[in-house]
Amino acid sequence: MIERLSDSDGMRYRLTPNRSISWPALVRVWLGLVLLTSTVVVGMSLAGAWLVIPFAGLELVAVGAGLWYTARKCCRQEVITFGPSRVRLEKGHEHCEQQWDWPRPSVRILLDEKPHPWLRERICLCCNGEEVPLADFLNPRDSRELVTLLESQGFPVRRRSREMVGIHF
């Protein structure tokens, strides 16, 4: 998802993955699974199959851990600011964990060719030999929108083929 933020110094955009469910709703789904599994486990335990209890507990812990991991990955965000003389990229989850600040005239956009027709092109911001991947969580439609946005800001876009990247199929 690409969201424009208000900024007095220039243009600012927040890039986030698409989230189909909120964290509180995800917790409610997991609690529903706990309730359903507990009902089945109690019934089977009363029937004498008490050995299902530890396996059901392990299953619920594994599903909960998987849901937490997925929700954590969906909380990533990148903020890119286009100022009159600088370009700033910030990456993180809850707060800025990594930050790059470059002079605007030396920033270039590099597109790596799609490794497969179902996948999207990889977008990198390049400056002085440093390549930083940009929004690798975007879907192909949002990725094309981001490239259009970067081109509208006046950044030159260069395409790199698979042979140059070293990917061979």
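All values below were derived from every heavy atom in this structure, side-chain atoms included, with hydrogens, water molecules and symmetry-related copies excluded.
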Enter the distance from [X]:[atom1] to [Y]:[atom2] here, rounded to the nearest 0.5 Å.
| X | Y | atom1 | atom2 | value |
| --- | --- | --- | --- | --- |
| Ile2 | Asp142 | CD1 | CG | 5.5 Å |
| Glu131 | Leu110 | CD | CG | 5.0 Å |
| Ile109 | Leu150 | CD1 | CG | 4.5 Å |
| Ile123 | Asp112 | CD1 | CG | 10.0 Å |

For residues 72-83, which residue pairs qualify under salt bridge (charged side-chain N to carboxylate O under 4.0 Å, His left out), counting only residues two or more places apart or in two chains? Arg76-Asp136, Glu78-Lys91
Are the side chains of [X] and [Y] in touch, meaning some heavy atoms are under 4.5 Å apart?
| X | Y | result |
| --- | --- | --- |
| Asn128 | Ser106 | yes |
| Thr16 | Glu3 | no |
| Asp101 | Leu89 | no |
| Gln77 | Arg14 | yes |
| Cys126 | Val107 | no |
| Val79 | Thr81 | yes |

Under the 4.5 Å side-chain heavy-atom rule for ILVMFWY, direct or indirect, which residues accompany Leu58? none
If you group Ile, Leu, Val, Met, Phe, Trp and Tyr whenever their side-chain heavy atoms sit less than 4.5 Å apart, what else falls in with Met1? none
Using distance only, find each side-chain donor-acceptor pair of residues 33-43 under 3.5 Å and give its atom names and separation, not counting sequence neighbours.
unit_1	atom_1	unit_2	atom_2	d
Thr37	OG1	Leu33	O	2.8
Ser38	OG	Val34	O	2.7
Thr39	OG1	Leu35	O	2.9

Are Val27 and Val29 connected into the same hydrophobic cluster when the rule is that any two of I, L, V, M, F, W, Y join if their side-chain heavy atoms are below 4.5 Å apart? yes
Is Trp68 reachable from Phe137 through a run of I, L, V, M, F, W or Y residues, each pair having side-chain heavy atoms under 4.5 Å apart? no
Using 4.0 Å as the upper bound for N to carboxylate O, is an ion pair formed by Glu90 and Arg12? yes
Is Glu121 salt-bridged to Arg159, going by a charged N under 4.0 Å from an acidic O? yes
Got a sec: does the CE of Met44 have more than 12 other heavy atoms crowding it under 6.0 Å? no
Applying ring pair (Phe, Tyr, Trp, His ring centres under 6.0 Å), which residue pairs with at least one partner in residues 74-93 are found, sequence neighbours left out? Phe82-Phe155
Got a sec, which pairs hit ring pair (Phe, Tyr, Trp, His ring centres under 6.0 Å) with one end in residues 24-60, sequence neighbours left out? none
Is a donor from one side chain sitting under 3.5 angstrom from an acceptor on the other, for Glu130 and Trp100? yes
